[in-house]
A.B. asks: 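Input: one structure, supplied below.
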Amino acid sequence: MKPSIVLYKKLPADLRQRLDQHFNVIEFNGMNSTTRPQILDALQQAEGLIGSNGKVDKELLDHAPRLRGVSTISVGFDNFDVEELTRRGIPLMHTPTVLTDTVADTMMTLVLATARRAVESAERVKAGEWNGSIGADWFGVDVHHKTMGILGMGRIGLALAKRAHLGFDMPILYTARRQHAEAENSFNARRCDLDTLLAESDFLCISLPHTDETFHMISREQLAKMKSSAILVNAGRGPVVDEEALIEALQTGVIHAAGLDVFEQEPLPKDSPLLKLPNVVALPHIGSATHETRYGMAACAVDNLIAALTGNVKEFCVNPEVLKK
Ligand SMILES: NC(=O)C1=CN([C@@H]2O[C@H](COP(=O)(O)OP(=O)(O)OC[C@H]3O[C@@H](n4cnc5c(N)ncnc54)[C@H](O)[C@@H]3O)[C@@H](O)[C@H]2O)C=CC1
Ligand SMILES: O=C(O)C(=O)CO
């Protein structure tokens, strides 16, 4: 008999078929307050779990006595209790690499859109405000040759450095726990401490995961150290930036603008002050959201689950120590 798995994300038909070939698939339309109790029930039998955007915590794992493999359709895994999974010997698989370039493109989009006020200007055109030669009240600021500071010099940070340095002649600064030779040798990136990064960056670009260590890494004190002309771009995770402090900084001119793909609460609440600020470009967490990349992520996650449940894991395991047991 095929092992049972729980799927909590709609997949393209061919990938769903691939899962069906290997498993008895119990499918749910997302993990939310309605489906979660049903998912907990189904997990009594399930040996695998695959999806994205659901909390996989101790409560859920307590309902899953037979679970042997978990696969997230994302690179980020902040919604998983990795310690608890590891304690139970369950591999957590994720999808790095396949989305790196797409997310770096999104970050560059936010850099350009905020600096050149592309969204704001387009909205003014649609509102019928373009009535003659434009004046300085429509002008933006240059991107090329400005300094980009990268917080989170991992796969995505490196791909962003490549775009900024080779495409836009931008000097690159980065703050990291270790030296990144490729960033330094290929893109002339210079490592510095956080205070220097804050003080010297024209664009502070965040591609950090959300961890205990990165929570509110950028708050009031850090924003105050930035240039008043600086633009903050965050496509890592919302909680890395203290959103209340950011809103205040944007309202009072402590910094110039922000381009945000991620937020402390998603979807962004409809009454968020961010939505009223003309110097904010807010995107609905579309970092990896192209047809090609989302398909690639789903395919990788399906392969990852098959590998985990057949004992063939070679890469993409968040907690590889469980494989040695
Ligand atoms: N907006 C979106 O749609 C997407 C967002 N992401 C986010 O981007 C993050 C990064 O993805 P990748 O670059 O693939 O991961 P990665 O693991 O290659 O890069 C993360 C980097 O952050 C560094 N880092 C972690 N904690 C740090 C700290 N306290 N101080 C300084 N550096 C620290 C790590 O050393 C690593 O170099 C993901 O974890 C996810 O949260 C990823 C994909 C899409
Ligand atoms: O993969 C991730 O971590 C995302 O945020 C969505 O691509």
Side-chain angles (χ1 to χ4, degrees), residues 9 50-54 56 71-80 82 92-111 149-163 172-184 189 191-198 204-219 222 232-241 258-264 266-268 281-301 304 315-320:
K9 174 106 178 171
I50 178 168
S52 69
N53 293 329
V56 175
S71 180
T72 179
I73 311 171
S74 65
V75 65
F77 48 84
D78 42 291
N79 48 342
F80 290 80
V82 179
L92 170 60
M93 311 296 295
H94 70 150
T95 65
T97 317
V98 61
L99 48 63
T100 299
D101 284 315
T102 301
V103 182
D105 288 350
T106 304
M107 294 188 79
M108 214 56 224
T109 302
L110 284 170
V111 166
I150 298 181
L151 198 45
M153 186 53 93
R155 290 170 290 254
I156 294 169
L158 186 70
L160 178 64
K162 179 181 180 181
R163 284 153 177 74
I172 309 293
L173 295 176
Y174 72 100
T175 297
R177 296 172 296 190
R178 66 170 181 88
Q179 195 180 358
H180 288 261
E182 192 180 348
E184 300 196 2
R191 187 175 170 206
C192 62
D193 61 21
L194 182 58
D195 278 358
T196 307
L197 191 83
L198 295 167
L204 176 68
C205 294
I206 302 170
S207 47
L208 280 172
H210 174 204
T211 64
D212 290 346
E213 224 181 298
T214 63
F215 176 75
H216 283 193
M217 192 182 252
I218 301 300
S219 190
Q222 289 72 35
L232 181 147
V233 167
N234 186 11
R237 281 292 183 265
V240 175
V241 177
L260 306 168
D261 188 45
V262 290
F263 303 88
E264 291 215 60
E266 296 179 8
L268 187 60
V281 174
L283 298 179
H285 201 140
I286 59 159
S288 64
T290 64
H291 289 293
E292 299 93 329
T293 295
R294 283 290 170 88
Y295 181 89
M297 290 163 67
C300 176
N304 282 345
E315 56 188 350
F316 306 147
C317 186
V318 172
N319 52 350

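Just so you know, these numbers use all the heavy atoms, side chains as well, and skip hydrogens, waters and symmetry mates. Whatever order the structure lists ligands and atoms in, that order sets their numbers, starting from 1. Computed from a predicted model, the values in this text were never measured in an experiment.
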A.B. asks: Can you list the ligand 2 atoms lying under 4.0 Å from a non-hydrogen atom of S288?
C.D. replies: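 Matching atoms, with element in brackets: 6 (C), 7 (O).
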A.B. asks: Below the 3.5 angstrom mark, is there an N/O of V75, backbone or side chain, next to an N/O of ligand 1?
C.D. replies: no
A.B. asks: Out of D195, L194, T196, which one pairs with C192 under the side-chain contact (heavy atoms from CB on, under 4.5 Å) rule?
C.D. replies: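 Considering D195, L194, T196, a side-chain contact (heavy atoms from CB on, under 4.5 Å) with C192 is found only for T196.
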A.B. asks: Report the nearest protein non-hydrogen atom to atom 11 (O) of ligand 1: residue, atom name, distance rounded to 0.1 Å.
C.D. replies: I156 CD1, 3.4 Å
A.B. asks: For ligand 2, which is the ligand I care about here, please tell me if R237 has any N or O atom under 3.5 Å from one of the ligand's N or O atoms.
C.D. replies: yes
A.B. asks: Contact between H210 and V262 at the side-chain level, heavy atoms closer than 4.5 Å - yes or no?
C.D. replies: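 Counting from C-beta outward, H210 and V262 never come under 4.5 Å.
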A.B. asks: Considering the heavy atoms of H285, write down every atom of ligand 1 situated less than 4.0 Å from one of them.
C.D. replies: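 So the answer, numbered in order with elements, is 1 (N), 2 (C), 3 (O).
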A.B. asks: Can you tell which of S207, G236, A289, G157 gets a heavy atom nearest to atom 7 (C) of ligand 1?
C.D. replies: G236
A.B. asks: Any idea which of L208, L283, T293 brings a heavy atom closest to atom 33 (C) of ligand 1?
C.D. replies: L208
A.B. asks: Going by atom types only, do T102 and D105 share a side-chain donor-acceptor pair under 3.5 Å?
C.D. replies: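 Short answer, no.
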A.B. asks: Given A104, P284, G154, which has its nearest heavy atom closest to atom 21 (C) of ligand 1?
C.D. replies: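 When every heavy atom of A104, P284, G154 is considered, G154 comes closest to atom 21 (C) of ligand 1.
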A.B. asks: What are the atoms of ligand 2, with element, lying closer than 4.0 Å to any heavy atom of H285?
C.D. replies: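 Near H285, the atoms of ligand 2 are 4 (C), 5 (O), 6 (C).
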A.B. asks: Is there a polar contact, in the sense of an N or O pair closer than 3.5 Å, between G152 and ligand 1?
C.D. replies: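 Checking ligand 1 against G152, no N or O pair falls under 3.5 Å apart.
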A.B. asks: Out of curiosity, is T211 lining ligand 1, as in a heavy atom under 4.0 Å away?
C.D. replies: no
A.B. asks: Between V262 and ligand 1, which residue portion shows a heavy-atom distance shorter than 4.0 Å: side chain, backbone, both, or neither?
C.D. replies: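 For V262, only side-chain atoms sit under 4.0 Å from ligand 1.
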A.B. asks: Only heavy atoms of S288, strictly under 4.0 Å: list the atoms of ligand 1 that pass.
C.D. replies: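 Near S288, meaning under 4.0 Å from one of its heavy atoms, ligand 1 has 3 (O).
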A.B. asks: Is there any N or O on E213 that sits under 3.5 Å from an N or O of ligand 1?
C.D. replies: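 By distance alone, the answer is yes.
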A.B. asks: Polar contacts were defined as any N/O atom of the residue lying under 3.5 Å from an N/O atom of the ligand; does this apply to S74 and ligand 2?
C.D. replies: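 The answer is no, given that S74 and ligand 2 share no N or O pair closer than 3.5 Å.
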A.B. asks: When you compare ligand 1 with R177, is there at least one nitrogen or oxygen pair between them that comes in under 3.5 angstrom?
C.D. replies: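 Yes - when backbone and side-chain N and O of R177 are compared with those of ligand 1, one distance drops under 3.5 Å.
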A.B. asks: With a cut-off of 4.0 Å, which atoms of ligand 2 are near a heavy atom of M297?
C.D. replies: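 Reading through ligand 2 atom by atom, the close ones are 1 (O), 7 (O).
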A.B. asks: For M153, is at least one N or O under 3.5 Å away from an N or O on ligand 1?
C.D. replies: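 The answer is yes, given that M153 and ligand 1 share an N or O pair closer than 3.5 Å.
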A.B. asks: Can you check which of T293, V75, I73, D261 brings a heavy atom nearest to atom 1 (O) of ligand 2?
C.D. replies: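 Heavy atom nearest to atom 1 (O) of ligand 2 belongs to V75.
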A.B. asks: I'd like to check whether D261 has a polar contact with ligand 1, where a contact means an N/O of the residue lying under 3.5 Å from an N/O of the ligand.
C.D. replies: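 Yes, there is a polar N/O contact under 3.5 Å.
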A.B. asks: What protein heavy atom is closest to atom 4 (C) of ligand 1, reported as residue, atom name and distance in Å?
C.D. replies: A235 O, 3.7 Å
A.B. asks: So is H210 polar-close to ligand 1, meaning N/O to N/O under 3.5 Å?
C.D. replies: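 In fact, backbone or side chain, H210 has no N or O that close.
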A.B. asks: Taking both backbone and side-chain atoms of H180, is any N or O found less than 3.5 Å from an N or O belonging to ligand 1?
C.D. replies: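 Not met; the criterion fails.
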